[in-house]
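Everything below concerns the one structure shown next.
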Amino acid sequence: MEHYRESVKKNLRYFILGPFFMVIEACGEFILPYLNANIINYGAATGDVGYILRNGFYMAVIAVVMLAAGVLGGYFAINGASRLAADVRMKVYARIQKFSFANIDEFSTGSLITRVTNDITQIQNFVQSLLRGCFRSPIMMIGAIVMSFYLNAQLAVVICIVIPILAFSIYYVIIKAMPRYTAMQQQLDDMNNEINETITNERVIKSFVREEYEQEKFAGVNEGLRVKSIRALALMILLQPMSTLAINITTLAVVWIAGCQIIIGGMEIGTLTAFITYLSQILNALNFLANIFLQGTRAAASDRRIKEVLTAKIDLTDDDLKGKGQEVKDGEIEFRHVSFRYFKNNPEKVLDDVSFTIHDGEFIGLVGSTGSGKSTLISLIPRLYDADEGTVLVGGHDVREYTLYDLREKVSVVLQQNTLFSGTIAENLRWGREDATQEDMEWACRIAHAKEFIDDFREGYEMELEQGGRNLSGGQRQRLCIARALLKRPKILILDDSTSAVDTATDAGIRQAFHRELTGMTKIVIAQRISSVIDADKILVMEDGRISDIGRHEELIRRCVPYQEIYYSQKDREVEA
């Protein structure tokens, strides 16, 4: 419960005042029937109007106080629960932001969405019910039992027989419901994953006319959620009929015994009326507590899932650093016998004994067949992953000697997926540097050859982008992502196949701008087209997770068979075209 303690302390007044006012309301609940019984037994029976008016006035005052207390108690309970949920949601979201790629791989996107939304909502609902009923229901129940014994001990014994039976039944339902709620939440994860994947890839689905297939696929997941929801919620449905049956049976027993006593003059009508009210209060309070326990069962399942996120071991942190860490002085990169696996128990390595050196300011090309390990290799430079074996050095120091912030501030990576956000072009560019001026943005866009199409837009840099930049072409999105990376003025710029959607002329123009204006910056370009790296200072050829060869284009075309195969296959396609 560590992740709730801070929020509870911060909002302690709501967690105190909510139950406090609900207790005041509960006290009125068992005082009113007693006053009403007195009015019937003494005021109405004797015709004492003054007695009736006086006690009626007391009842009216108590009712108004109960109304005010109930409203205030509900207000503070809702505030306390909402604030706690907001704090925990923020804490979980902040934790996810610290996740490494390996941590993100461990949790699915749909599962994380469910945990941040639905699971925290379950806890919010439970806390709200807890603040409203954790003291109110027990006090109302205890008070009603005490008043029942005060009015008629013989009838009160009937209640004491029913309560344990009903309590045991409720306990049995809760025990059975717990695993079913967990299964239901996991199925909800699967549904959110399916929805996320479908909406993200809607254009692909339409282009392949696979709408019907996706609907059938979703129908299966949706049906699974329906079945598991019914299994979980069906048990909760039992509570109401069980409680109603208990109330009815007990009421019949009370009326029977009380009726016999009234006939012989051992009980007044008013007392019976109050007793039945207390009976209803006792069983309703017990029912409310049962619902809190049931909500707690569901909230406990949600809490375990939230705790998994908050306690997940983040494998990339600054915890081992002593002091502030090193400063990235230049863009020199060295790999020393580096090996890496995504799945640590897998004997097959994605990178196997990789060694090379890149000098500061060099333009490096990285080529190889699909699955050769190119993207994995460049992910180790800004520590998106850590090497399993060997050492990755930047600026002459092990990357683990830098803080993650300092290292990533000096290494700009444009990944294969060109991610833009809803907002203006300027707002997207300023992800690279928050205080970037208009001049800075124009400089970066000119190098990335994005300025030419931005100037054609009527709003220019203030043009609103749709989510993911869907109102731009693929090539325009790539060029904006390159410009955004350049705004950081990094020591190292990495482009992971980031010009694949632009034409060859624009690609050549971007490379020329790199040579002309980024002379002090180390540039690594992963490319499928040899033409994109043909003028590189060095080209690294990868094959099956290893460096097959390193050299300039002229050298590799003479001696490196994998490079020759890539080059001539592309040249043949150009001739055919």
Evaluate the criterion side chain to side chain contact (heavy atoms under 4.5 Å, CB included) for residue pair Asp303 and Tyr4; output intermediate values, then yes/no.
CA-CA 10 Å; Asp303 177 63; Tyr4 303 118; 2.5 Å; yes

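Here the side chain of Arg484 pairs no donor or acceptor atom with the backbone of Leu420 at under 3.5 angstrom. The backbone N or O of Val221 sits less than 3.5 Å from a side-chain atom of Gln187, completing a donor-acceptor pair. A distance-only check finds no donor-acceptor pair linking the side chain of Arg132 to the backbone of Met22 [under 3.5 Å]. No side-chain donor-acceptor contact under 3.5 Å links Tyr402 to the backbone of Arg408. Between the side chain of Arg430 and the backbone N or O of Ala436 there is at least one donor-acceptor pair closer than 3.5 Å. For the pair Asn38 (side chain) and Leu35 (backbone), a donor-acceptor distance under 3.5 Å is absent.
Taking CD of Glu427 as the start and CG of Leu465 as the end, the distance is 9.0 Å to the nearest 0.5 Å. Remark: Asn55 CG to Ile39 CD1 distance equals 5.0 Å, nearest 0.5 Å. Of the inter-residue distances, the one linking Gln122 atom CD with Arg305 atom CZ reads 10.0 Å to the nearest 0.5 angstrom. The CG atom of Asn125 sits 12.0 Å away from atom CD1 of Ile120, with the distance rounded to the nearest 0.5 Å. Rounding to the nearest 0.5 Å places CD of Glu25 at 5.5 Å from CD of Glu29. Here the OG-NZ distance, from Ser7 to Lys9, works out to 11.5 Å after rounding to the nearest 0.5 Å.
Atom OH of Tyr150 has 12 or fewer neighbouring heavy atoms from other residues, nucleotides or ligands inside a 6.0 Å radius. Within a 6.0 Å radius of OH in Tyr213, other residues, nucleotides and ligands contribute 12 heavy atoms or fewer. Crowding of Glu212 atom CD: a count of heavy atoms from other residues, nucleotides or ligands under 6.0 Å not exceeding 12. The local environment of CZ in Phe20 is sparse, with at most 12 non-hydrogen atoms from other residues, nucleotides or ligands closer than 6.0 Å. Other residues, nucleotides and ligands place more than 12 heavy atoms under 6.0 Å from the OH atom of Tyr51. In this structure, Phe149 places its CZ atom where more than 12 heavy-atom neighbours from other residues, nucleotides or ligands lie under 6.0 Å away. Within a 6.0 Å sphere centred on CD of Gln97, heavy atoms belonging to other residues, nucleotides or ligands number more than 12.
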Mind listing the side-chain donor-acceptor pairs of residues 56-84 below 3.5 Å, one per line with the distance, residues two or more places apart or on another chain?
unit_1	atom_1	unit_2	atom_2	d
Asn79	OD1	Arg83	NE	3.3
Asn79	ND2	Tyr75	O	3.2
Ser82	OG	Ile78	O	2.8
Ser82	OG	Gln124	NE2	3.3
Arg83	NH2	Tyr14	OH	3.1

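Inspection of the Thr121 and Asn118 side chains reveals no N or O donor paired with an N or O acceptor under 3.5 Å.
A 4.5 Å side-chain heavy-atom check between Ile454 and Leu480 finds at least one atom pair inside the cut-off.
Considering every non-hydrogen atom in both Ala144 and Ile282, the closest pair reads CB-CG1, 3.4 Å.
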